[in-house]
Each structure stands twice: as structure tokens, then as C-alpha cells.
Number of protein chains: 2
Amino acid sequence: MCLRIRLVKREHKQPAQTVLRESVEPVSELTTNRLSVYLRCLNVLDAAGVRTVSSQAMAEQFHLNAAQIRKDLAYFGEFGVRGVGYYVKELRRHLRQILGIDRGVCVAIMGAGNLGLALADYPGFRDEGFEIVAMFDQSRDKIGHRSRAGVPIYDIRDLRKIVRRERIQIGVIAVPAAAAQGVVDTVAAAGIKAVLNFSPGALRVPDGIKLKSMDLTVSLESLSFFLAQTEDKT
Amino acid sequence: MCLRIRLVKREHKQPAQTVLRESVEPVSELTTNRLSVYLRCLNVLDAAGVRTVSSQAMAEQFHLNAAQIRKDLAYFGEFGVRGVGYYVKELRRHLRQILGIDRGVCVAIMGAGNLGLALADYPGFRDEGFEIVAMFDQSRDKIGHRSRAGVPIYDIRDLRKIVRRERIQIGVIAVPAAAAQGVVDTVAAAGIKAVLNFSPGALRVPDGIKLKSMDLTVSLESLSFFLAQTEDKT
DNA sequence: TTTTGTGAACTAGTTCACAGCT
DNA sequence: AGCTGTGAACTAGTTCACAAAA
């Protein structure tokens, strides 16, 4: 659960003037995930040279719900103009600020195996304002080397030091399942407050640390369930 | 939306006797995802030699909700024994059957780049009944080779033929974002009914095909949002 | 007129609490 | 006594529909 900070125009005669009003309403993760989706839509629109877009037009083009777009955005401020819609560039800038990616976010990847190396060089991250600045492993064979794209691999024992030096804010867990809990504990102890986990099974994190898990097995099983059900309908 | 098939004991004097009762109630994806989680818990319990487990005990050990466990399981049958709980091995077998992984499920990976190769050799899949039988790419440099673990890389133009030959049921999209929609269309045309997508942005699939997306950027942005909010509380 | 922002209505999902079975 | 299975109560999330703004 996060708090929201809503930007509200106080003096609507001075339209650029915004005031930070802090409230204690929680924002659901479903909402924040959709903000990312909207940002991706705006990137497309902006690249296509579109200047303004209504919630309706966006909903149609990207198969979303117009009321939900408006409601999600309205949580954070009054970004729209009645009768016009939203200014694409402006809304994009607002969303990047809300998501905290307007200044680059530094990310470390724990585990320099196949998956870790693939994630380190994944181009989609850098494009959106994330920078993979380090990988960590315990294997002597890997420490001191770099990924193909040049991300250095450090000894996991140096985690704390390098987290501080590189201002690492997010840790990605790409180690075998058996090692995952131990690595998460190390990551938390090093002062990282947000963790993206790719290992299967539940991990425990201390309070105040945000854990997001992408369990590949759960996703495949969900698809398998769908197949099993549709088969049975014969 | 899937249909559920509930196993209900009709003759409770013959406790092993179950009857398939087909109903039209939809099962939410949240529920099916939790079934995977329960299966993972049961694997742990079984490996630890535990014979029976109550919903309460499972909830405590794995930080779940007991009523939800019971309700989720009760959708599919009366697997528990009042006063006792659930037989671990038996429930595990039931869940594997419900999820359709009791007979191995064949999976193909589209795209033999870093991510595709990493997924192909990811050990967590095989462990749970999924077999990565093929990768597909369009690059001459890759076609004809194999992943380190031995998964063959085919020409994407041979997709239809190999899907039929290898009985491929699930396709995983691990190609660059720009190519993703085209590849999904090809996958759908080849008769695959379930797709796991790793590329960012929305994909359109024809009706009757199940698409599940794991958007890495959305997840990282969700974490970044959390960090941005907690910083502001200063 | 067009389109936002938002209360109200609705729908989905979770948790409670207990009857009833073992 | 102990625990499941489940209706009822509750909570969260989505969509509708419209007053107000440009």
C-alpha cells in the first residue's frame, strides 16, 4: 500500500500552478500497473506525433476503459482539459514523474546465470529510464567479468558497498530457488527497498520493503489450466 | 474466463467414487494462480514427509488465508476430510490434474535471443511438468543450433509443421517488442491456443486464444512508484 | 459541443462464522 | 474435538452516467 500525492490546480486562472496536496488514500497496485500501461500508450501516441488525446480515443485505440483511465489519472491530479482531452507530452511527463522514472532509477541484478545475464542486457529497461548498473554473484568464475552489454559482475559480499556507491534502488532476484530467500535477506540488509523476484515460491521480506514476484511457473500453469478446461469442453 | 468442472462425491459410502459434474461457473485467474501457489506449498510439504495438512496449518506456514484455501479447493471438488484436513499427496495429484500438468505440457519459445535462451534452459519449468521442446527464430545464425541444454532452434517458417509434430501447446514470446505482434499472429495461425508474452506493450490475439503477459517494465515501474511515494513522505 | 472528474451503482473478490461431517 | 465446505457479510475494484468546465 502506498500513499498518493494528488496535484490539484488551486487557482484555475493560473493553469500551470499546481499545489501538492498530500492525502492518506492508498493506491492499489492495479492502478499503478495501469499507469505504466498508459505511459506506454502515450509513448506510442507521442512517437506518432499526436498532440492531444481523449480518454475515449485512448480507450478505443488500446482496448482500455475510458472511465477507468480518467479515474486513475484523476487520483494524481487534474491533468485533462474538458472538451479537449489530455496533452500527450504533458501527461507523459506527469506519469513519468508519478512513477519516479523521470530521474533514472539504478537497478542491480542478483545472480549472473542465464536469466540474470539476459535481464541485464534487456533493452526495454534502459529505454524507460532504468539503468542496470551491476550484477552480483558468488561464483569466482563470474566475478570481475561483464555481461555482453558491459554490466559488471561483482562479488555478492561487496553488495552493501556497491549499493551505496552506485545508488542502487531496486534489486532483481535471478538466482536459483534454493538460494533466493538468503539473497533477498542480503539485499534487504544492504538497504535496498524494492525487489523484483523471478524465483518460484514465496519469499519473506521485512516491513517497509516492497517485493514484486514474477513467477514463471505460476503463469505457465495458469495457461495449462486454460488448455485443460477448453479441451474438456470437447 | 474458464469453466469449472467440479468433482463431487455422490455416494459418500464409497469415498473414492467421484462424479464429474460440469457447470458453467467461471473461475477467475486469481483463483487459478493461487492453485499454483498451493501446489508449490504441497510440493514442499510432501518433500518434508508431511502426510496431511489442514487449511489452517497451510495458511500459517505459507502466509495465506485458510478460508480462501478451502474455498478455492472446494470449487473443484470435496478434497478434504472433516476433522483431518487434506491428504498432501492426494491433493497434490488433484491439483496437478486440475492444472493439466499431470501429463507433460509441451512448450515452444519464440525468439532465440538472450531471454529466449535463458527461458529455454530455465530448470524450474521441467520440474513442474513443462517441457521446452523447441525454439524458433528467423536468424540464419541461430537456426539449426541448440541452446546449451539442448533445445533445438528452428526456422520460424517451420512453426506450423513442428507444432503439429511436437504437439506444442504453449508458445512463449521472447522477441523484441517491435516483432511481437507479428510473431503472436504466426503462433495463433499455427494452432497454438495459449501464449505467454514477455514483450512490453499490449498484444491482440484472436478469440479463443489465451494470452498472459509478464511485462517487466510494468513491474519495475510499479516498484519505482513505491520508492517515489515512500521518499516523499520524508 | 466535447470531454473531464466524480458520486453512485454495480460487480468481483475476500473473509467471517458456523452448520454439519468425521 | 477438529476441520471442511459454504452462505452471508464485507471489502475492493470497475463501470455508469451526469454535472460542470472549456
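A, B, ... follow the sequence lines: proteins, then strands. Residue 1 opens every chain.
Of the residues near DNA chain C, A:Lys71 and A:Gly83, the one whose nearest nucleotide (by heavy atom distance) lies more toward the 5' end is A:Gly83. In terms of position on DNA chain D, the residue among A:Asn65 and A:Arg82 whose nearest nucleotide sits closer to the 5' end is A:Asn65.
Between the P atom of C:dA9 and the CD atom of A:Gln68 lies a distance of 20 Å, rounded to the nearest Å. In this structure, B:Glu29 atom CD and D:dG13 atom C1' are separated by 16 Å, rounded to whole Å. As rounded to whole Å, 13 Å separates atom C1' of C:dT4 from atom CZ of A:Phe79. As rounded to whole Å, 13 Å separates atom C1' of D:dA17 from atom CD of A:Gln56. A straight line from OH of A:Tyr75 to C1' of C:dG7 spans 13 Å, rounded to a whole angstrom. What separates CZ of B:Arg70 from P of D:dT4 is a distance of 6 Å, to the nearest Å. As a whole-Å value, the separation of A:Tyr87 OH from C:dT3 P is 13 Å. Residue A:Asn33 contributes atom CG, which lies 12 Å from atom P of D:dG13 at whole-angstrom precision.
Distances shorter than 4.0 Å separate some side-chain N or O of B:Ser55 from OP1 or OP2 on D:dT4.
Closest to the side chain of B:Ala74, from the set D:dC16, D:dG5, C:dT22, is D:dG5. When distances are taken from the side chain of A:Tyr86 to each of C:dG5, D:dA22, D:dC3, the shortest belongs to C:dG5.
Here A:Leu30 lies in heavy-atom contact (under 4.0 Å) with sugar-phosphate atoms only. Using a 4.0 Å heavy-atom distance criterion, A:Thr31 is classed as making no nucleic acid contact.
Ion pairing of A:Asp46 with A:Lys89 is present here, as a side-chain N (NZ or NE/NH1/NH2) and a carboxylate O approach within less than 4.0 Å. Taking 4.0 Å as the cut-off between side-chain N and carboxylate O, B:Glu221 and A:Arg40 count as a salt-bridged pair. The existence of a salt bridge linking A:Asp102 and A:Arg96 is excluded, since no basic side-chain nitrogen approaches an acidic carboxylate oxygen closer than 4.0 Å.
Rounding to the nearest 0.5 Å gives a distance of 12.5 Å between CG of A:Leu196 and OG of B:Ser224.
No donor-acceptor distance shorter than 3.5 angstrom exists from the side chain of A:Asn33 to the backbone of B:Ser222, with no hydrogens or angles considered.
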